[in-house]
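Before any comments, here is the structure.
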Amino acid sequence: MTDEWMQLIIEFTKSDYLTKNLVCPDCRENDIEYVYVGDKETNIGYLTIWCNQCRNGVQICRVSIPEGVRRLDFDDLESIKMIPAIKLK
Ligand SMILES: [Zn+2]
């Protein structure tokens, strides 16, 4: 993962998991989206965060999913399929 995307994730967590003020490190567009995918019981999963314009993004594995965030369950395959294919940075 590049330092710029790492920085974006830090800003994301600091701003209560809101993306409205985030700017893509690669194309500079303000169109960042995320979703957590995880297990209902353990609340452990992964975070995918990406830019809707250039489709670059990052994935962070084995995170504890915070409260109140956009999330999907591991077994919700139909919804997981809706996550766009991203180029991992
Ligand atoms: Zn972008």
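Read the numbers this way: they start at 1 and go in the same order the structure lists the ligands and their atoms. Just so it is clear, the structure is predicted and the values come from calculations on it, not from any experiment.
- Going from atom CG of Asn30 over to atom CG of Asn21 covers 7.0 Å, rounded to the nearest 0.5 Å.
- Applying the side-chain hydrogen bond (donor to acceptor under 3.5 Å, both in side chains) test to residues at least two apart or on different chains, the pairs with a partner in residues 44-62 are Asp26-Asn56, Asp31-Asn52, Asp31-Gln53, Glu33-Asn52, Thr48-Gln59, Trp50-Asn52.
- In this structure, Cys51 SG and Arg28 CZ are separated by 11.0 Å, a value rounded to the nearest 0.5 Å.
- Going from atom OH of Tyr36 over to atom OG of Ser64 covers 9.0 Å, rounded to the nearest 0.5 Å.
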Validation: residues 80-89 side-chain donor-acceptor distances under 3.5 Å, sequence neighbours left out:
{"residue": "Lys81", "atom": "NZ", "partner": "Glu78", "partner atom": "OE2", "Å": "3.1"}
{"residue": "Lys87", "atom": "NZ", "partner": "Cys54", "partner atom": "O", "Å": "3.1"}

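- Residue-and-atom listing of protein N/O/S atoms under 2.8 Å from the Zn ion (ligand 1), sorted by chain and number: Cys24 SG, Cys27 SG, Cys51 SG, Cys54 SG.
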Please list every donor-acceptor pair under 3.5 Å in which a side-chain atom of residues 7-19 meets a protein atom from a residue at least two apart or in another chain.
{"residue": "Thr13", "atom": "OG1", "partner": "Ile9", "partner atom": "O", "Å": "3.2"}
{"residue": "Thr13", "atom": "OG1", "partner": "Ile10", "partner atom": "O", "Å": "2.9"}
{"residue": "Ser15", "atom": "OG", "partner": "Glu11", "partner atom": "O", "Å": "2.8"}
{"residue": "Ser15", "atom": "OG", "partner": "Phe12", "partner atom": "O", "Å": "3.3"}
{"residue": "Ser15", "atom": "OG", "partner": "Leu18", "partner atom": "O", "Å": "3.3"}
{"residue": "Thr19", "atom": "OG1", "partner": "Ile32", "partner atom": "O", "Å": "3.1"}

